[in-house]
Amino acid sequence: MNMILAIFFICSTLSCMNISLAQNSPQDFLEVHNQARDEVGVGPLYWEQTLEAYAQNYANKRIKNCELEHSMGPYGENLAEGYGEVNGTDSVKFWLSEKPNYDYNSNSCVNDECGHYTQIIWRDSVHLGCAKSKCKNGWVFVICSYSPPGNVEGERPY
């Protein structure tokens with residue numbers, strides 16, 4: 001079984017996570033997103049080819065160095081980076097691991113980051129497009145784009 005060596009940061013051997021054999025189809029991305037959204041009573045996301053094309057275009061731009069830099073485009077965005085057989089489904093599950101860090105009552109992150117999670121469950125986001133690219137350094141870059149974007153300061157995700 002392969003290990004993800006980095007997602008959002010370079011991790012030590014002890015903090016890496018195992019990769020499953022999940023795929024990268026639009027339905028695979030949507031299924032994981034929509035399960036999380038259903039858990040909090042938010043409607044589903046729908047695949048949007050325009051967002052997929054945007055995400056793939058940006059992922060292709062990251063091939064040279066695979067750095068986790070946001071596109072600064074018009075969409076909400078989650079990024080991941082890993083090594084080996086990284087797939088989109090596992091990237092989404094990694095973002096969802098931030099769920100315990102979100103406190104609904106205070107509408108804030110506690111202990112650690114939660115913005116990737118809140119983007120996934122953002123009630124006003126209805127369209128999704130994701131892509132990945134294999135970088136020249138052997139790493140894999142994953143991006144999901146959301147429309148309309150979430151994480152509006154002062155607003156609750158649901």
What pair of heavy atoms forms the shortest contact from [X] to [Y], and how long is it?
X    : Y    : value
P149 : G76  : CB-N, 3.2 Å
C109 : G115 : SG-N, 4.3 Å
I143 : A59  : CG2-CB, 4.0 Å
N34  : P44  : OD1-CA, 3.3 Å
K99  : E39  : NZ-OE1, 3.0 Å
S91  : V86  : OG-CG1, 4.0 Å

Could you please spell out the steps behind the side chain to side chain contact (heavy atoms under 4.5 Å, CB included) verdict for I63 and K134? CA-CA 6 Å; I63 288 173; K134 178 85 172 190; over 6 Å; no

Count I, L, V, M, F, W, Y as connected when their side-chain heavy atoms are under 4.5 Å apart, and connections chain through other members. Are [X] and [Y] then in the same cluster?
X    : Y    : value
Y117 : V32  : yes
V152 : L128 : no
V142 : M72  : no
Y102 : W122 : no
L30  : L96  : yes

Side chains of [X] and [Y]: is there a donor and an acceptor less than 3.5 Å apart?
X    : Y    : answer
Y146 : N78  : yes
Y54  : S71  : yes
E48  : S147 : no
T118 : N151 : yes

Sub-4.5 Å side-chain heavy-atom contact between [X] and [Y]:
X    : Y    : value
V140 : Y83  : no
E52  : C130 : no
K132 : Q56  : no
L45  : H127 : no

Does the separation of the ring centres of Y75 and H70 fall below 6.0 angstrom?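 They do not qualify: ring centres at least 6.0 Å apart.
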
So, taking the atom named CG in D28 and the one named OG1 in T89, what distance separates them when rounded to the nearest 0.5 Å?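 Here the interatomic distance stands at 4.5 Å.
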
Starting at CG of N57, measure out to CZ of R62 and round the result to the nearest 0.5 Å.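 Separation between the atoms: 11.5 Å.
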
Side chain to side chain contact (heavy atoms under 4.5 Å, CB included), that's the test. Do I120 and W95 meet it? Break it down for me. CA-CA 8 Å; I120 289 171; W95 297 324; 3.7 Å; yes

Counting N and O atoms only, with roles assigned by atom type, does the side chain of [X] sit under 3.5 Å from a partner on the main chain of [Y], one being a donor and the other an acceptor?
X    : Y    : answer
Q119 : G150 : yes
S125 : I121 : no
D103 : V110 : no

Inspect the contact between K61 and E67 and indicate whether a charged nitrogen and a carboxylate oxygen are less than 4.0 angstrom apart.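 Salt bridge: no.
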
Here's a test for you: under side chain to side chain contact (heavy atoms under 4.5 Å, CB included), which of N65, L68, N60 qualifies with F141?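 Per the side chain to side chain contact (heavy atoms under 4.5 Å, CB included) rule, the option paired with F141 is L68, out of N65, L68, N60.
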
Apply side chain to side chain contact (heavy atoms under 4.5 Å, CB included) to residues S97 and H116 and explain how you reach the verdict. CA-CA 9 Å; S97 72; H116 302 97; over 6 Å; no

